[in-house]
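Here's the structure, in structure tokens; my notes come after.
Residue numbers begin at 1 in each chain, while the letters A, B, ... track the order of the sequences.
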There are 2 protein chains.
Amino acid sequence: MASDDQGVDLLWGARDKPARPPRLALTVDRIAAAAIEVADAEGMASVSMQQVAARLDVTKMALYRHVASKAELVAVMIESAVGEPPDLGAVPGGWRPRLVAWSDLMREAWRRHPWLPAATTGERMTGPREVGWTESAVAALDGTGLDGGERMDAVFLLSGHIRNTQSGATAGTQPWTAEKQLRTILHEHQDRFPALHEAARSTNGAPRDNGWTFGLDRILDGIEVLIERRRAGTTG
Amino acid sequence: MASDDQGVDLLWGARDKPARPPRLALTVDRIAAAAIEVADAEGMASVSMQQVAARLDVTKMALYRHVASKAELVAVMIESAVGEPPDLGAVPGGWRPRLVAWSDLMREAWRRHPWLPAATTGERMTGPREVGWTESAVAALDGTGLDGGERMDAVFLLSGHIRNTQSGATAGTQPWTAEKQLRTILHEHQDRFPALHEAARSTNGAPRDNGWTFGLDRILDGIEVLIERRRAGTTG
DNA sequence: ACACCCAGTGTCCGACGGACACACAAGTAT
DNA sequence: ATACTTGTGTGTCCGTCGGACACTGGGTGT
């Protein structure tokens with residue numbers, strides 16, 4: 001902390017610069033940073049006005065001088081946590097490697113903040129950085145022959161897949177991710193769910209990644225099919 | 001209150017039909033039905049123990065005689081709302097029409113209960129009907145040459161896309177769905193988001209469906225590519 | 001007649017988001 | 001110097017949430 005340095009200054013000199021504000025001024029950025037710390041450490045459910053305020057040694061109502069509501073606080077958290085959107089201009093190889101790079105970057109950002117997938121669902125405000133990420137991905141599809149709506153749908157499809165596979169939030173959504181008890185249930189009711197039972201049995205030992213790689217490859221293959229079809233002149 | 005009527009009945013007649021249970025017995029099914037009514041009408045946010053109890057003319061604590069917690073109530077709601085999983089055996093044309101039919105049915109069930117997408121995220125209990133829906137979709141991929149893990153990943157991909165595109169819950173996730181104000185923001189900052197601006201401009205007037213059709217076609221195309229590749233004997 | 005059982009009630013708790021009035025400092029105008 | 005404003009954090013209060021716990025009143029089995 002810089003306050004120690006300040007203390008030395010106060011003792012040995014610079015006495016004339018009298019009372020530097022003893023506590024850091026409360027700002028939106030400091031509030032967002034504290035909220036992100038709470039969310040990273042204890043999950044989105046623990047992000048309450050009082051928890052965040054406590055981390056700043058401040059009353060919860062003090063926060064309302066800087067954010068209008070909890071929703072706004074969350075919006076600021078998101079905008080801060082997603083980080084600057086990437087510039088994919090330097091990625092060689094066309095749209096597909098570009099989208100792969102974009103996905104990896106987005107996944108990495110979301111991995112650092114596991115609460116992001118959950119926080120970015122539902123009606124809410126959208127900030128410029130978030131739009132910037134979308135811009136970046138849509139730009140990666142420039143020159144593919146897809147029209148604007150298709151490019152945006154493709155990005156939506158891809159980012160939705162990232163959210164779905166990312167970090168536990170929606171990971172429990174599908175039965176086979178609850179591993180232990182579900183595996184036993186599936187075993188007990190194998191007569192009722194024969195296809196699932198057989199699928200669980202015949203899964204080769206490949207490391208599970210929540211369907212991330214599989215889905216990414218399928219989505220990109222599907223987009224590629226469409227692009228090729230367009231390039232070949234077929235309207236379908 | 002019906003107690004007044006009962007009082008009259010008790011005074012003036014029908015004395016022999018003594019005390020028909022004056023209120024319907026509280027059961028898990030009635031509780032779940034009431035909760036679903038609340039959720040359908042006013043959204044998942046309005047589903048509180050007191051709201052549900054009020055609809056049944058009962059104290060909230062009475063509900064706890066039948067469900068252990070709110071999470072369990074929600075689990076029962078889901079299990080009841082998803083309905084019986086479909087039998088796709090009669091759908092002709094192989095795996096692809098089968099998955100399309102499955103998707104349509106699932107979408108329809110979720111359209112009837114717009115809170116389902118939001119309620120089925122996160123760690124939670126999974127009921128037999130929900131597993132049954134998955135079973136149904138995985139079974140549709142029998143005989144495609146995909147291994148068990150791939151079949152399950154494919155179903156996860158598809159159902160994730162349904163959730164993402166369904167009914168407003170995550171619909172606001174992507175910037176262009178917030179339509180009005182975003183369109184103006186995009187217009188004001190067109191220098192900052194040129195690709196998005198150009199995409200919004202060049203979108204042909206096709207009716208927007210939140211990317212549902214586009215994503216479905218891409219996903220199925222992508223799966224088809226993999227199946228064909230397997231059939232051709234390539235290991236990739 | 002009796003005790004037992006148990007579904008539903010009443011009351012209480014801590015945590016939540018938020019409204020509102022206040023305290024208290026730092027300018028700024030007089 | 002003195003008053004007025006302005007901006008920032010505090011204290012108190014409210015309604016709602018999920019849930020614990022003790023109670024009660026109407027059956028039923030003996």
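A straight line from CD of B:Gln51 to P of D:dT16 spans 9 Å, rounded to a whole angstrom. For the pair A:Met44 CE and C:dC16 C1', the computed distance is 14 Å after rounding to whole Å. Look at CD1 on B:Ile31: it is 11 Å from C1' on C:dA7, rounded to the nearest Å. Between A:Arg30 atom CZ and D:dT8 atom P the separation is 14 Å, expressed in whole Å. For the pair A:Leu63 CG and D:dT8 P, the interatomic distance rounds to 14 Å; values are reported in whole Å.
Looking at residues two or more places apart in sequence or on another chain, you find no side-chain hydrogen bond (donor to acceptor under 3.5 Å, both in side chains) involving A:Ser69. Qualifying side chain to side chain contact (heavy atoms under 4.5 Å, CB included) partners for A:Glu108, counting only residues two or more places apart in sequence or in other chains: A:Arg111, A:Arg112.
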Side chains of residues 36-48 of chain B: which donor-acceptor partners sit under 3.5 Å, not counting sequence neighbours?
unit_1  : atom_1 : unit_2   : atom_2 : d
B:Glu37 : OE1    : B:Arg55  : NH1    : 2.9
B:Asp40 : OD1    : B:His113 : ND1    : 2.9
B:Asp40 : OD1    : B:Trp115 : NE1    : 2.6
B:Asp40 : OD2    : B:His113 : ND1    : 3.1
B:Ser46 : OG     : B:Glu42  : O      : 3.3
B:Ser48 : OG     : B:Gln51  : N      : 3.2

Between side-chain atoms of residues 72-81 of chain A and protein atoms elsewhere (two or more places apart, or another chain), which donor-acceptor pairs fall under 3.5 Å?
unit_1  : atom_1 : unit_2   : atom_2 : d
A:Glu72 : OE2    : A:Ala68  : N      : 3.3
A:Glu79 : OE2    : A:Arg129 : N      : 2.3

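We find that A:Glu150 and B:Arg218 are not joined by a salt bridge, their nearest charged nitrogen and carboxylate oxygen being 4.0 Å or further apart.
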Pairs under 3.5 Å (N/O, protein and nucleotides 17-24 of chain C):
unit_1 : atom_1 : unit_2  : atom_2 : d
C:dG17 : OP1    : A:Lys70 : NZ     : 3.0
C:dG17 : OP2    : A:Met49 : N      : 3.0
C:dG17 : N7     : A:Lys60 : NZ     : 3.1
C:dG18 : OP2    : A:Tyr64 : OH     : 3.2
C:dG18 : OP2    : A:Lys70 : N      : 2.8
C:dG18 : N7     : A:Lys60 : NZ     : 3.0
C:dG18 : O6     : A:Lys60 : NZ     : 2.7

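For the pair B:Arg107 and B:Trp212, the cation-pi test (distance below 6.0 Å, angle within 45°) is passed.
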